[in-house]
Number of protein chains: 2
Amino acid sequence: MFTFVTNKLRMELSLKIKMNEKLFLRNPEESELGRKIVEFSIILIHRIGFEAFTFKKLAKEISATEAGVYRYFENKHRVLIYIVEWYWSWQEYRLRIQINNIKNPEIKLKKAIRLISTPIEEDISTGHINENLLYEIVMLEGAKSFLTKQVTEDNKAKLFKPYKDFCAYVAKLILECNPKFKYPHSLSSTIVEMAHSQNFYAKHLPSLTDFGNTKEEPKVASFLEDMVFSTIKG
Amino acid sequence: MFTFVTNKLRMELSLKIKMNEKLFLRNPEESELGRKIVEFSIILIHRIGFEAFTFKKLAKEISATEAGVYRYFENKHRVLIYIVEWYWSWQEYRLRIQINNIKNPEIKLKKAIRLISTPIEEDISTGHINENLLYEIVMLEGAKSFLTKQVTEDNKAKLFKPYKDFCAYVAKLILECNPKFKYPHSLSSTIVEMAHSQNFYAKHLPSLTDFGNTKEEPKVASFLEDMVFSTIKG
DNA sequence: TTTAAATAGATAGTAATACTATCATAAAAA
DNA sequence: TTTTTATGATAGTATTACTATCTATTTAAA
């Protein structure tokens with residue numbers, strides 16, 4: 001699922017995430033053009049939004065041809081699923097590292113909540129993928145990957161596996177805290193979705209939240225923590 | 001905000017909801033063509049999904065011209081906001097009726113949760129609008145009304161007022177139950193969003209929930225109730 | 001009652017989108 | 001060295017997302 005690749009020139013370790021092959025026509029990780037398509041899809045979707053994003057604009061951005069992009073991805077919706085699901089694989093990987101060696105299930109769950117509800121501010125960049133931009137894309141466009149008429153079909157093709165795996169992992173952490181809790185999966189998907197939604201609201205529809213824009217005010221993580229631990233304790 | 005109109009022929013009372021004038025170019029409530037546009041937008045979006053929905057297809061469906069539809073709405077995104085916000089006005093109206101005369105704040109909040117998390121099964125139809133289809137549209141397409149790059153602009157034009165008012169009303173009910181609760185708005189938007197999302201997951205991505213498809217199994221409402229009352233009690 | 005205004009239909013047209021197809025060339029693998 | 005594979009270059013099509021114009025009809029005002 002996760003592999004490490006050493007960059008020969010700079011001797012950095014870079015993370016390689018194996019993506020579902022049904023997501024693409026040609027694996028974008030295996031060529032310069034493919035990597036550029038992913039890299040600049042993220043930049044361009046972040047800049048102009050998914051609706052305005054087209055393969056023609058992307059091709060122009062990377063000095064390639066539209067036909068060239070179509071050789072990698074069937075359509076822009078597949079690109080969206082690709083990058084969003086990459087994000088969830090990456091987050092699961094980060095989470096597993098963070099809670100490695102921790103025994104206390106409550107601390108583990110808290111770390112999980114912090115991880116997904118804290119917008120990425122430091123300049124992280126795994127290879128060609130900019131995770132800072134990716135966080136904002138998941139916030140604004142993430143839900144569009146499954147809110148479609150083809151959701152059942154896409155789900156059968158296992159396109160959402162990383163997202164569902166992430167939620168299942170959090171559900172497991174919830175059950176570790178209280179094995180008798182009745183709704184681990186629903187609570188898990190609630191916090192995973194709300195981590196991003198509440199940050200989106202805070203930024204764009206602040207009256208839907210209790211968070212100000214200043215750094216001192218209560219954070220999404222605190223709200224979700226309170227909610228989760230009250231709920232699982234009953 | 002809400003007015004009643006008597007249909008002269010059938011002597012039924014039908015609800016008229018006053019919509020923000022910035023949402024349309026010509027008020028669709030004031031003409032036969034306008035009402036047909038709204039009625040069949042709901043039917044068509046429900047049938048083929050918002051992405052595939054076009055004004056040309058809509059015009060064909062109602063034997064009108066594409067140009068005719070453009071005289072009412074700037075674009076299909078405005079139509080989506082129109083019907084989704086109509087839904088929230090309608091739900092606030094239903095909620096106010098349902099909890100009218102009830103004193104106990106917890107019962108009021110429970111009624112609110114039931115209202116939004118129970119898919120509409122009975123054959124309700126206010127005038128030309130089919131609320132059963134509308135519930136499903138809000139579930140699948142609702143979030144797309146604000147998950148755009150223009151969210152700030154649209155919000156300034158008060159296009160999302162009914163949605164925000166509904167959430168504010170639920171937040172008030174939460175505060176009535178516990179005036180000291182720290183996150184009434186975030187909890188409110190969480191349950192309002194999750195009421196629809198969890199029903200969507202149950203239908204299309206069941207592993208994200210703990211609900212089966214059978215009628216006997218636990219319901220979204222029960223999960224949200226447990227979560228809300230645990231949370232506000234701390 | 002005449003006149004003017006508003007509404008809708010019919011039709012045409014345009015730029016952009018979302019693709020598919022073909023051919024040539026360069027680079028990499030057999 | 002031959003063959004495969006990847007990319008570029010170019011063209012073309014149906015659909016989308018509009019805008020514009022002209023006419024017929026209905027409604028409201030003078």
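What's counted below: heavy atoms across the whole structure, side chains too, no hydrogens, waters or symmetry copies. Reminder, nothing fancy here: chain letters follow the sequence lines and each chain counts from 1.
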- Item | N/O (side chain, B/R26) to phosphate O (OP1/OP2, C/dA8) under 4.0 Å | yes

- Could you state the CZ-P distance from B/F55 to C/dG9, rounded to the nearest angstrom? 15 Å

- Item | Distance test, side-chain N/O of B/S31 to OP1/OP2 of C/dA8, below 4.0 Å | yes

- Task: Measure the distance from NZ on A/K76 to P on C/dC19 and round it to the nearest whole Å.
- Result: 9 Å

- Message: Does atom NZ (A/K164) have a neighbourhood of more than 12 heavy atoms from anything else shown, all under 6.0 Å?
- Response: yes

- For A/L58 and C/dT17, give me the distance from atom CG to atom C1', rounded to whole Å. 14 Å

- Message: Nearest whole Å is fine: how far is C/dA28 P from A/L33 CG?
- Response: 14 Å

- Message: What contact category does B/F73 fall into here, base, sugar-phosphate, or nothing, at under 4.0 angstrom with non-hydrogen atoms?
- Response: nothing

- Task: Specify the separation, in whole Å, of atom NZ of B/K56 and atom P of C/dG13.
- Result: 13 Å

- Query: Between A/K57 and C/dT17, is there a side-chain N or O to OP1/OP2 distance below 4.0 Å?
  - Reply: yes

- What's the closest nucleotide to the B/A67 side chain, out of C/dG9, C/dA10, C/dC19? C/dA10

- Kindly confirm or rule out a cation-pi arrangement of B/K76 over B/F50, judged by NZ or CZ under 6.0 Å from the six-membered ring centre and within 45° of its axis? yes

- Task: Check whether the side chains of A/Y135 and A/E131 place a donor and an acceptor atom closer than 3.5 Å, and report yes or no.
- Result: no

- Query: How do A/E66 and A/R71 order along DNA chain C: which one's closest nucleotide is nearer the 5' end?
  - Reply: A/E66

- Spacing of B/I37 atom CD1 relative to C/dA8 atom C1', expressed in whole Å: 11 Å

- Nucleotides bounding contact with chain A, strand DNA chain D, heavy-atom threshold 4.0 Å: D/dA6 to D/dT10

- Between the side chains of A/H185 and B/Q198, does any donor sit under 3.5 Å from an acceptor? no

- Item | Heavy-atom side-chain proximity of B/I116 to B/W88 below 4.5 angstrom | yes

Donor-acceptor contacts under 3.5 Å from residues 58-69 of chain B side chains, at least two apart:
from	atom 1	to	atom 2	distance (Å)
B/E61	OE2	B/R47	NH2	3.1
B/T65	OG1	B/G68	N	3.2

- Query: Whole-Å distance between C/dA6 P and B/E30 CD?
  - Reply: 14 Å

- Residue pair A/N75/B/T65 against DNA chain C: nearer the 5' end by closest nucleotide is B/T65

- Among side-chain atoms of B/S186 and A/Y201, is any donor-acceptor pair under 3.5 angstrom? no

- Of the nucleotides C/dT17, C/dA8, C/dT11, which has the atom closest to the A/T54 side chain? C/dT17

